[in-house]
Amino acid sequence: MVDRTPLREADPEVFSIIQQETERQEYGLEMIPSENFVSEAILEACGSVLTNKYAEGLPGKRYYGGCEVVDKVEELAIDRAKKIFGAEYVNVQVHSGATANQAVFESFLTPGDTIMGLKLDHGGHLTHGLKVNFSGKHFNVVAYGVDKESHRIDYDEVLSLAKQHKPKLIISGASAYSRKIDFKKFQDIADEVGARHMADIAHYAGLVATGDYPSPLPFTDYVTTTTHKTLRGPRSGMIMAKPEYAKDVNRSVFPGLQGGPHMHTIAGKAVAFGEVLRPRFKEYSKKVIANAQAFSEALIKEGLSVITGGTDSHVLLVDVRPADITGKLASELLDQIGITANMNTIPYDPEPPRVCSGVRFGTPALTTRGMGVAEMGTIASFVRQTLEARDDENKLESLKSDVKELSKKFPLYSHRLVKE
Ligand code: DSN
């Protein structure tokens, strides 16, 4: 429990907002699959004096003086990332996953070129070709989907579209796809049609690091990721690629898209990668998947339907129509009792995206705070009861206190809360 802090003294308003968010994270159940909780060590690195330093350029080749110390932390982050993923080339300067993808595009595509990516409403990502995103605005997008029955990626369709449209880039990876992606197959298709392949592993990176999810390295042209999802680092991005693309990707990041890298965040990434390299992270990764599978089975027992019938990863997509409710209302009710998930389209969704029929859940954050298979069963029951209690405010209130009680058994950042 904290009492006096420099921030509390200097700016009580901001301090209070951060306290409110700390409480929300402490006393709620965080089930957004792209979120996680970083360690105190990472928070310390990200809040360090490294935020003060400009370091445009690369280690040893900077445009500013005084970079000899921050060079060391960037080199450390790069070396650790190479070791984790078996990568030959890494850029740790990109500020986010979206910028990582944009940097790859900018490194060899020109506006009007054809690219292929998974449809957003089938589990893809904004930067994989959505019309209102830079990827959809500047490029000719040919989107592939999942099979209507199995809801799995239809590799035959990918190949046939690739042969027909001759894209320059094929993107694999997803933000709401729970099953294993065959990255090798994507690379083979790209090679067959003379395209390059970019695997966006933002969601799966932590599981790829431990070998619990297929790795696209070393055979994939470009691999991009965020560092804050299953990888459990600070909010940021990273690019890996075949060494022959290194120069163009580096130039695309700086000076192409960014100025000074955020050295405090790079320090946080180095710390996170150090954590990933320790044996405990392997246990964590296995638990994340075991929890997602247990949660999926428990939800099915509670009468809900899970797209593809389960998951191979940290994420699951639930079709809430058996509970006679929309994804929008379901996620709002869950939010009301302290379970944070997000509404999500399901493949071939009959509802429009702002209403949709699905809710996307994930287990990385709850696993970090120590929850296991038993808690997944309890939470699945909370979910079913919440959807049933949609018109019963008293029941919803009681579920909210059940959520708080469960959360309290798994302390997270409680030492950061002010004394009452
Ligand atoms: N917005 C992220 C997610 O929630 O999956 C992807 O970048």
Side-chain angles (χ1 to χ4, degrees), residues 33 84-87 97 100-101 104 115-125 127-129 141-226 229-231 239-242 285-286 288-289 292-293 296 306-317 346-348 360 362:
I84 292 170
F85 292 102
N101 290 349
V104 169
I115 62 168
M116 281 178 59
L118 178 61
K119 291 175 188 160
L120 182 67
D121 56 357
H122 285 207
H125 187 254
T127 57
H128 298 183
V141 180
V142 176
Y144 58 88
V146 296
D147 179 76
K148 204 160 192 171
E149 297 301 318
S150 68
H151 292 158
R152 307 224 180 188
I153 291 169
D154 182 348
Y155 295 94
D156 291 337
E157 188 202 18
V158 178
L159 176 60
S160 121
L161 286 172
K163 279 181 169 169
Q164 190 187 340
H165 296 279
K166 297 267 179 284
K168 276 205 173 163
L169 176 69
I170 300 179
I171 304 163
S172 62
S175 61
Y177 187 78
S178 64
R179 295 301 185 172
K180 288 181 177 154
I181 295 174
D182 192 336
F183 295 114
K184 185 74 178 70
K185 212 173 248 181
F186 271 105
Q187 184 68 40
D188 289 345
I189 293 172
D191 289 343
E192 192 172 333
V193 300
R196 291 188 196 173
H197 169 214
M198 179 184 92
D200 177 346
I201 60 165
H203 262 266
Y204 315 100
L207 315 177
V208 170
T210 55
D212 291 319
Y213 193 87
S215 174
L217 290 122
F219 52 81
T220 300
D221 294 306
Y222 306 92
V223 179
T224 56
T225 185
T226 52
K229 299 186 173 90
T230 48
L231 207 51
I239 304 172
M240 296 170 274
K242 288 183 177 167
S285 160
K286 290 207 182 318
V288 167
I289 298 175
Q293 290 173 338
S296 166
V306 175
I307 298 296
T308 75
T311 176
D312 300 327
S313 63
H314 63 298
V315 57
L316 51 141
L317 187 54
I346 56 171
Y348 305 96
R360 189 183 65 150

Apply salt bridge (charged side-chain N to carboxylate O under 4.0 Å, His left out) to [X] and list each qualifying residue two or more places apart in sequence or on a separate chain.
| X | result |
| --- | --- |
| R179 | D312 |
| K163 | E192 |
| D212 | K286 |
| D147 | none |

Are the side chains of [X] and [Y] in touch, meaning some heavy atoms are under 4.5 Å apart?
| X | Y | answer |
| --- | --- | --- |
| L317 | P347 | yes |
| S296 | V306 | yes |
| V104 | I239 | yes |
| I115 | V142 | no |

Of all residues at least two apart in sequence or in a different chain, which pass the side chain to side chain donor-acceptor pair (under 3.5 Å) check with [X]?
| X | answer |
| --- | --- |
| Y144 | none |
| S313 | T311 |
| K185 | none |
| H314 | H203 |

Counting N and O atoms only, with roles assigned by atom type, does the side chain of [X] sit under 3.5 Å from a partner on the main chain of [Y], one being a donor and the other an acceptor?
| X | Y | result |
| --- | --- | --- |
| R360 | S175 | yes |
| Y213 | I201 | no |
| T220 | L217 | no |

*Residues that H128 engages under side-chain contact (heavy atoms from CB on, under 4.5 Å), provided they are two or more places apart*: N101, H125, I171, D200
*Just jot down the side-chain contact (heavy atoms from CB on, under 4.5 Å) partners of K119, sequence neighbours excluded, or say none.*
D121, H122, A143
Starting at [atom1] of [X], measure out to [atom2] of [Y] and round the result to the nearest 0.5 Å.
| X | Y | atom1 | atom2 | result |
| --- | --- | --- | --- | --- |
| S160 | D154 | OG | CG | 8.5 Å |
| S150 | I307 | OG | CD1 | 11.0 Å |
| M240 | Y222 | CE | OH | 14.5 Å |
| K180 | L207 | NZ | CG | 10.5 Å |
| I181 | L118 | CD1 | CG | 7.5 Å |
| L159 | I189 | CG | CD1 | 5.0 Å |

_Sequence-distant partners of F183, ring-ring contact (aromatic ring centres under 6.0 Å, His included), two or more places apart_ = none
*For side-chain contact (heavy atoms from CB on, under 4.5 Å), just list the numbers for V223 and M198, CA-CA rounded to whole Å, side-chain angles, deciding distance to a tenth of an Å, and then say yes or no.*
CA-CA 6 Å; V223 179; M198 179 184 92; over 6 Å; no
*After noting the C-alpha distance and the side-chain angles of L169 and M116, does the key distance pass the side-chain contact (heavy atoms from CB on, under 4.5 Å) rule?*
CA-CA 6 Å; L169 176 69; M116 281 178 59; over 6 Å; no
Mind listing the closest non-hydrogen atom pair of [X] and [Y] along with its distance?
| X | Y | value |
| --- | --- | --- |
| S178 | V315 | CB-O, 3.1 Å |
| A174 | Y204 | CB-OH, 3.7 Å |
| A209 | L231 | CB-CD1, 4.4 Å |
| T230 | A205 | OG1-N, 3.4 Å |

_Of R196, Q187, H197, the residue whose pairing with D221 passes side-chain hydrogen bond (donor to acceptor under 3.5 Å, both in side chains)_ = Q187
*Selection residues 148-181 - residue pairs positive for ring pair (Phe, Tyr, Trp, His ring centres under 6.0 Å), sequence neighbours left out*: Y155-F186
